Asks: 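Below you will find the structure I want to go over with you.
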Amino acid sequence: MNFYVAIGLAVNVMAFALVQVGKKTHGTEVQRGALQLLKGKLWQDATGATFHRSLDFIRPLHLQGLHSCPVDLGPSWLMDGKLQVDKRHMAETIKLQACQSGVLYNIQNRANRLHSRLQQSRENIFSALLVLPLSDLSFHISVAVRTWYGGSLMLVHHILGGPSNVTILLADDNEVEEFARLPRAMRYGGNHGGLGVSKNLGNLRQLFSSLSDSDPIWLSTASRLSLAFKTAVWGFPTVGIAHGRTAEHDCSGDFCYGLRRYWAPGVPVVTLRAPLDGWLRSWQRHVHRIDAPLKFFLVQRSRKLSRRLVAPERLASSWSRALRGQLKITLWRPEMYSILQQARMLYAADALAAVTGQACGLGIFLRRKRILLEFTPAIDGSYGCRWGWDMNPTSEVGQIGRLGELHHHCVMSLAVGVAERTTSGAKRSAELALASRTAGDILTRAEASFTWRTAAKVVPPSLGSGRLRRVLRQAVHLVRSARRQERAAKDEKSCCAMAPRFFACTKICVQLFISCYLHLQRGTSSDGHNAIDL
């Protein structure tokens, strides 16, 4: 229902925009066609989206459609502020669409001429170029992990040879004429908090160190560069929607939990765990004892934001008492730290608890099989929040848990009031909608389900009901099981590392013994006395 409501609103906005630019007839046709689409049936794709560890799944340029990412551009050249490719039997100007927006970019095709230029400058050829359209870059960490950052991380580490082989190019120029005519503030001021306008990557700038050893290049400032690349890839796969048909669960104990293995037909779906561990493992200083208290971060949002927890200090105290010291809870304000500091702190933690929002996206930096506890004031149904461990692999936060191979649990919570900073029109609408969350017709309740984002306060369920208490105890069990597995793997690795040394020492000892024995034999036979001095 939310999908249909959103499409209906989008149709009206699109028609209004087309009327404003003088395309009234076309606007009417588009509106009629979109409304006709709403009457059709929705079909679920039965094939499943999977990614292979090779360049095979990256579409060749001549086969790409308007909305196909990633695209293999082949050998490419960055020269005179333009990205140039060498493709025979194609137009001189190739239009490529961004992966998640409708913006089209112009790519120059220098067929037959580019190849000779590349041959002449072999010593200056770099390995791989990854082109990211700026119109696709969301600067919210939760969205970034599920879209451009997660997809780029998978490409770089699984396919393109790692950060040392990759150069990042941010496409913020050479758009098609209709879009290029707009001022830059209008082109890149909305989806990026205004940062894209000033060529600023904001707090996420440090994340690019996990994608490339060199700083990103902005296409609009590359007029003086002349760089050649063996291969270039346009865009990224949207890893957030790549999931298997079913998830495997272990129900052999007192409760069920996901095994963190997702399979499409015969092909394992690639997660972000391996590249993240390779990037973050160097920051891990020690391994916790198996029975040590869980290092638990409870996120409290800033005063100027909505969805703040009610009495978080009392929550932390009651949880610690209920579990008798098995949790070491810290009230955490992520905005006080840089993104690298956040990643380091979480990689050393065991659990992250937060209200549905961007803070949940930081859970991707937890280690494998750690805990991501989500308190959501949304209405179950419009937002996936089935009770149980790893039961919501396609929700916004469930995708984070799946991509990071974490244990995710969603807990329905109470929304109270409307945030003070909410605009007057939205505030009146939200107050009316909050009163209609459990009443009214289906359209009214569907619209009301959106208002959780403007809720002033969020109240998690009390421990008295017993359900949340059980969730916390199960979290302790899951983390300790993960610690045991890590300790066993570490001991096995240590034994494997020591085995060659042991056999080498044994070989030397045997050789020394044989040498001494032979010397003794020779000493006895030559002078008739035992060679005790040996």
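Both backbone and side-chain heavy atoms feed into the values below; hydrogens, waters and symmetry mates do not. Model, not experiment: these values are computed from the prediction.
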Asks: Got Leu83 and Asn174 here, is their nearest side-chain heavy-atom distance under 4.5 Å?
Replies: no

Asks: Between Pro334 and Val299, is there a side-chain heavy-atom distance shorter than 4.5 Å?
Replies: yes

Asks: Nearest 0.5 Å please: distance from the CZ atom of Phe139 over to the CD atom of Gln358.
Replies: 13.0 Å

Asks: So, do Ile371 and Val479 sit near enough that their side-chain heavy atoms are less than 4.5 Å apart?
Replies: yes

Asks: At their closest point, which heavy atom of Ala98 faces which heavy atom of Pro133, and how far apart are they?
Replies: CB-CB, 3.9 Å

Asks: How far apart are the closest heavy atoms of Thr271 and Pro275, and which atoms are they?
Replies: O-CD, 4.4 Å

Asks: For the backbone of Leu340 and the side chain of Gln206, can you confirm whether one donor and one acceptor N or O come within less than 3.5 Å of each other?
Replies: yes

Asks: To the closest 0.5 Å, what do you measure between OG (Ser212) and CG (Leu169)?
Replies: 11.0 Å

Asks: Is any side-chain heavy atom of Thr167 closer than 4.5 Å to one of Phe229?
Replies: yes

Asks: Salt bridge check: are Arg184 and Asp172 linked by an N-O gap of less than 4.0 Å?
Replies: yes

Asks: Could you walk me through whether His407 and Lys369 pass the side chain to side chain contact (heavy atoms under 4.5 Å, CB included) check?
Replies: CA-CA 6 Å; His407 289 301; Lys369 294 188 176 181; 4.0 Å; yes

Asks: Can you check whether Cys410 reaches Phe375 side chain to side chain, under 4.5 Å on heavy atoms?
Replies: no

Asks: Under a 3.5 Å distance rule, please check whether Arg402 uses its side chain to pair with a backbone N or O of Pro393 as donor and acceptor.
Replies: yes

Asks: So, for Ala232 and Asp72, which heavy atoms are closest and what is the spacing to 0.1 Å?
Replies: O-OD1, 3.5 Å

Asks: Determine, step by step, whether Tyr149 and Ser210 satisfy the side chain to side chain donor-acceptor pair (under 3.5 Å) criterion, reporting the C-alpha distance in whole Å, the side-chain angles of both residues, the deciding distance to 0.1 Å, and the verdict.
Replies: CA-CA 10 Å; Tyr149 177 66; Ser210 63; 2.8 Å; yes

Asks: Is Asp136 reaching over with its side chain to a backbone N or O of Gln100, donor-acceptor style, under 3.5 angstrom?
Replies: yes

Asks: Please lay out, stage by stage, how Lys95 and Asn106 fare under the test side chain to side chain contact (heavy atoms under 4.5 Å, CB included).
Replies: CA-CA 5 Å; Lys95 290 181 173 60; Asn106 291 320; 3.6 Å; yes

Asks: For a 4.5 angstrom cut-off between non-hydrogen side-chain atoms, does Ser302 reach Glu335?
Replies: yes

Asks: Does Asp215, at its CG atom, have more than 12 non-hydrogen atoms belonging to other residues, nucleotides or ligands within less than 6.0 Å?
Replies: no

Asks: Taking atom CZ of Arg370 and atom CZ of Arg483, what is their separation to the nearest 0.5 Å?
Replies: 6.5 Å

Asks: Under 4.0 Å between a side-chain nitrogen and a carboxylate oxygen: does that hold for Asp350 and Lys295?
Replies: no

Asks: Check the side chains of Tyr347 and Asp277 for a donor-acceptor pair under 3.5 angstrom, ignoring hydrogens and angles.
Replies: yes

Asks: Return yes if some donor-acceptor pair links the side-chain N/O of Gln485 with the main-chain N/O of Ala482 below 3.5 Å, else return no.
Replies: no

Asks: Assess the pair Trp332 and Phe297: is the distance between their ring centroids shorter than 6.0 Å?
Replies: yes

Asks: Of the non-hydrogen atoms in Ala144 and Leu204, which two are nearest, and what is the gap between them?
Replies: CB-CD1, 4.4 Å

Asks: Working to the nearest 0.5 angstrom, can you tell me the gap between Phe365 CZ and Trp279 CH2?
Replies: 5.5 Å

Asks: Quick one: does any side-chain atom of Trp148 pair with a main-chain N or O of Ser138 as donor and acceptor, under 3.5 Å?
Replies: yes

Asks: For Gln84 and Gln108, indicate whether the former's side chain and the latter's backbone hold a donor-acceptor pair under 3.5 Å.
Replies: no

Asks: Would Phe126 and Leu227 count as a side chain to side chain contact (heavy atoms under 4.5 Å, CB included) if you check the C-alpha gap in whole Å, the side-chain angles of each, and the deciding distance to 0.1 Å?
Replies: CA-CA 7 Å; Phe126 295 88; Leu227 304 174; 3.6 Å; yes

Asks: What's the spacing between Leu73 CG and Leu96 CG if we round to 0.5 Å?
Replies: 6.0 Å

Asks: Do Val397 and Thr376 have side chains that approach each other closer than 4.5 Å (heavy atoms only, starting at C-beta)?
Replies: no

Asks: Of all heavy-atom pairs between Val233 and Pro70, which one has the smallest distance, and what is that distance?
Replies: CG1-CB, 3.7 Å

Asks: Please report the shortest heavy-atom distance between Val85 and Ser76, naming the atom on each side.
Replies: CG1-OG, 3.6 Å

Asks: Hey, does Asn165 have a side-chain heavy atom less than 4.5 Å from the side chain of Leu160?
Replies: no

Asks: What distance do Gln300 atom CD and Leu331 atom CG have between them, rounded to the nearest 0.5 Å?
Replies: 7.5 Å

Asks: Do Glu405 and Arg368 meet the salt-bridge criterion of a basic N to acidic O distance under 4.0 Å?
Replies: yes

Asks: In this structure, are over 12 heavy atoms from other groups packed under 6.0 Å from Arg205 atom CZ?
Replies: no

Asks: For the pair Arg301 (side chain) and Arg308 (backbone), establish whether a donor and an acceptor sit closer than 3.5 Å, ignoring hydrogens and angles.
Replies: no

Asks: Counting only N and O atoms by type, is there a donor-acceptor contact under 3.5 Å from the side chain of Thr238 to the main-chain atoms of Phe236?
Replies: no

Asks: May I ask you to say whether Asp80 pairs ionically with Arg224, meaning some side-chain N is under 4.0 Å from a carboxylate O?
Replies: no

Asks: Checking Gln399 side chain against Thr394 main chain: does a donor-acceptor pair fall under 3.5 Å?
Replies: yes

Asks: Mind running side chain to side chain contact (heavy atoms under 4.5 Å, CB included) on Leu211 and Leu130 for me, showing each step along the way?
Replies: CA-CA 9 Å; Leu211 302 177; Leu130 178 58; 5.7 Å; no

Asks: Using a strict threshold of under 4.0 Å (side-chain N to carboxylate O), is an ion pair present between Arg307 and Glu374?
Replies: no

